[in-house]
Amino acid sequence: IKNGLKFYSFYLIDFLEKKNPKIIEIMSEIYKDLYQTFFQNLEEIKKNDWEIHKKLVQEGMNNYEIAIAIQNDDKDKLQQIVAQPKYNNVELCKVEVPSSVYERCTFIDRKQTLIQYAAFFGSINCFKFLIMNDPKFAPNNFQVIENQDEQNEQDEQDNDKKLNPFRNDPNYVNLAKYAVASGNPEIIHIIEQKGCSFDDTLKFAFDYVHHDIFDWIRMNKYENSKQLPLSSFLTKCVHQMQISLMIEMLEENGIEFDKE
């Protein structure tokens, strides 16, 4: 309810201001830290009877320059942006996309990293650019150590880190969820290779209607990751009329159907 109130308050701010001229002052006090840029640019947004605001409301997406570059998978534009002085000496894997009052999708209506954002939009060119700017992707971090049987436990752990640089890295928490939501198989393959956790991703494959990826996670990741029980997806299948998927899952569990 709180998030819904915030969403509609900003979307209807032009209407609300007519009803209560103090509404902007009130909202600024509440949201000034989260949406500082919005209030800084308010006079521009209000011009011509809120023309810019109405356009952005209709589009319903994050309107920041860096977000738009990633949405469009414009690697060249992204490179220009992160070449600005404010990004000097900053690890790109830790940079967050600014929160926008116009973003409708609740899954990305929070502070995602640039890499998470690129994964969600399936923006493979931006994604590759961002991960290659992470030191963990340096070539010498991916050399497989030979004669592993003769190494001690610490050597094996070091080798695992080299082969799986995403594993347990706080900068890449939940990355697989964004990749699965996008349905981009190349991004999913990359993060799987790097040891990214696929915990709790099955529901994103289902909710974003990526049936092939849903089956792949179910067949290859379910036993070794934390997922919702398959029974919960049977219920989802009924609610969303995914009858063929429901029958497939039931048949795999020994329940046969007469298909005539």
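All heavy atoms count here, side chains included; hydrogens, waters and symmetry mates do not.
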Worksheet item: Taking the six-membered ring for Trp, is the centroid-to-centroid distance between Trp50 and Phe15 below 6.0 Å?
Response: no

Worksheet item: Checking ring pair (Phe, Tyr, Trp, His ring centres under 6.0 Å) against Phe107, which of Tyr117, Phe204, Phe121 comes through?
Response: Phe204

Item to complete: Go through the side-chain N and O atoms of Gln36 and Tyr31 and say whether any donor and acceptor fall under 3.5 Å apart.
Response: no

Practice prompt. Run the ring-centre check on Tyr35 versus Phe10 and record whether the distance is less than 6.0 Å.
Written response: yes

Item to complete: Examine distances only and state if a side-chain atom of Asn41 and a backbone atom of Glu44 form a donor-acceptor pair shorter than 3.5 Å.
Response: no

Discussion item. I'd like to know if Lys54 and Asp49 make a salt bridge, using a cut-off of under 4.0 Å between side-chain N and carboxylate O.
Written reply: yes

Practice prompt. Establish, from distance only, whether the side-chain atoms of Tyr178 and Gln112 form a donor-acceptor pair under 3.5 Å.
Written response: yes

Worksheet item: Is there side-chain contact between Phe120 and Lys177, with heavy atoms separated by less than 4.5 Å?
Response: no

Worksheet item: Are Glu91 and Lys94 close enough, and set up right, to give a salt bridge (charged side-chain N to carboxylate O under 4.0 Å, His left out), and what steps lead you there?
Response: CA-CA 6 Å; Glu91 293 183 58; Lys94 297 181 179 180; 3.4 Å; yes

Discussion item. Tell me whether Ser123 contacts the main-chain N or O of Cys126 through its side chain, where contact means a donor paired with an acceptor under 3.5 Å.
Written reply: no

Worksheet, complete the sentence: Residue set satisfying ring-ring contact (aromatic ring centres under 6.0 Å, His included) with His210, at least two apart, ordered chain then number -> none

Discussion item. Measuring only between side-chain heavy atoms, which start at C-beta, is Asp76 closer than 4.5 Å to Gln79?
Written reply: yes

Fill in: Partners meeting side-chain hydrogen bond (donor to acceptor under 3.5 Å, both in side chains) with Lys75 (sequence neighbours left out)
none

Worksheet item: Under the 3.5 angstrom rule, does the side chain of Gln116 hit a backbone N or O of Leu175 as a donor-acceptor pair?
Response: no

Discussion item. Measuring only between side-chain heavy atoms, which start at C-beta, is Ile190 closer than 4.5 Å to Lys128?
Written reply: yes

Worksheet item: Within a strict 4.5 Å, meaning less than it, do heavy atoms of the Glu17 and Lys46 side chains meet?
Response: yes

Response to the item:
Across all chains, not counting sequence neighbours, the ring-ring contact (aromatic ring centres under 6.0 Å, His included) partners of Tyr11 are Phe7

